Amino acid sequence: MHIGESSRGAEVVREGGPLWRRSSMCGNESECLEVAVGHGGVLARDSKTPHRTPVRFTAPAWREFLHAVTRGELAGS
């Protein structure tokens, strides 16, 4: 496994498969959402359980999810 820092400051985790990225806001926390962007859309996983099957989003669904989070529509969900 390779862990480094991308040009945008987000941590990059590479395990021979998708290029997993973790927000720089996570710092040294081990409880973060990790995402990998590919041709089939966006994969998301919990950093505490990287061995589990990730959730797959289409690009439009991922954008809508991010907009909903930004608008606070998912608070308390």
Side-chain angles (χ1 to χ4, degrees):
M1 174 169 47
H2 169 72
I3 300 176
E5 189 160 317
S6 75
S7 60
R8 294 184 186 164
E11 187 174 346
V12 177
V13 180
R14 178 100 180 161
E15 298 177 341
L19 178 61
W20 292 99
R21 296 178 184 261
R22 183 183 298 177
S23 170
S24 60
M25 298 297 289
C26 290
N28 292 328
E29 298 292 322
S30 62
E31 299 180 11
C32 295
L33 176 72
E34 297 176 336
V35 297
V37 179
H39 299 292
V42 177
L43 298 173
R45 70 181 184 185
D46 184 339
S47 65
K48 294 186 310 290
T49 55
H51 59 281
R52 296 191 65 184
T53 302
V55 177
R56 183 178 302 273
F57 292 86
T58 63
W62 181 251
R63 276 191 301 274
E64 186 54 38
F65 171 73
L66 293 179
H67 289 301
V69 169
T70 302
R71 293 187 300 257
E73 296 175 0
L74 304 177
S77 297

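What you see below is based on every heavy atom in this structure, not just the backbone, and it leaves out hydrogens, waters and symmetry mates. What you are looking at is a predicted structure, and each value in this text was computed from that prediction instead of being measured.
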Requested in this report: Under the side chain to side chain contact (heavy atoms under 4.5 Å, CB included) rule, collect the residues that match up with Leu33, sequence neighbours excluded.
Outcome: Val35, Ala44, Trp62
Query raised in the report: Is there any salt bridge (charged side-chain N to carboxylate O under 4.0 Å, His left out) pair reaching into residues 54-71, and which pairs are they, with sequence neighbours excluded?
Result: Glu64-Arg71, Arg71-Glu73
Which atom pairs, one a donor and one an acceptor, fall under 3.5 Å between side chains of residues 46-53 and the rest of the protein, sequence neighbours left out?
| residue | atom | partner | partner atom | Å |
| --- | --- | --- | --- | --- |
| Asp46 | OD1 | Lys48 | N | 2.9 |
| Asp46 | OD1 | Lys48 | NZ | 3.4 |
| Asp46 | OD2 | Lys48 | NZ | 2.9 |
| Ser47 | OG | Ser30 | O | 2.5 |
| Ser47 | OG | Cys32 | N | 2.7 |
| Ser47 | OG | Cys32 | O | 3.0 |

Report summary line: Contacts of Val69 meeting side chain to side chain contact (heavy atoms under 4.5 Å, CB included) (sequence neighbours excluded), chain-then-number -> Phe65, Leu74
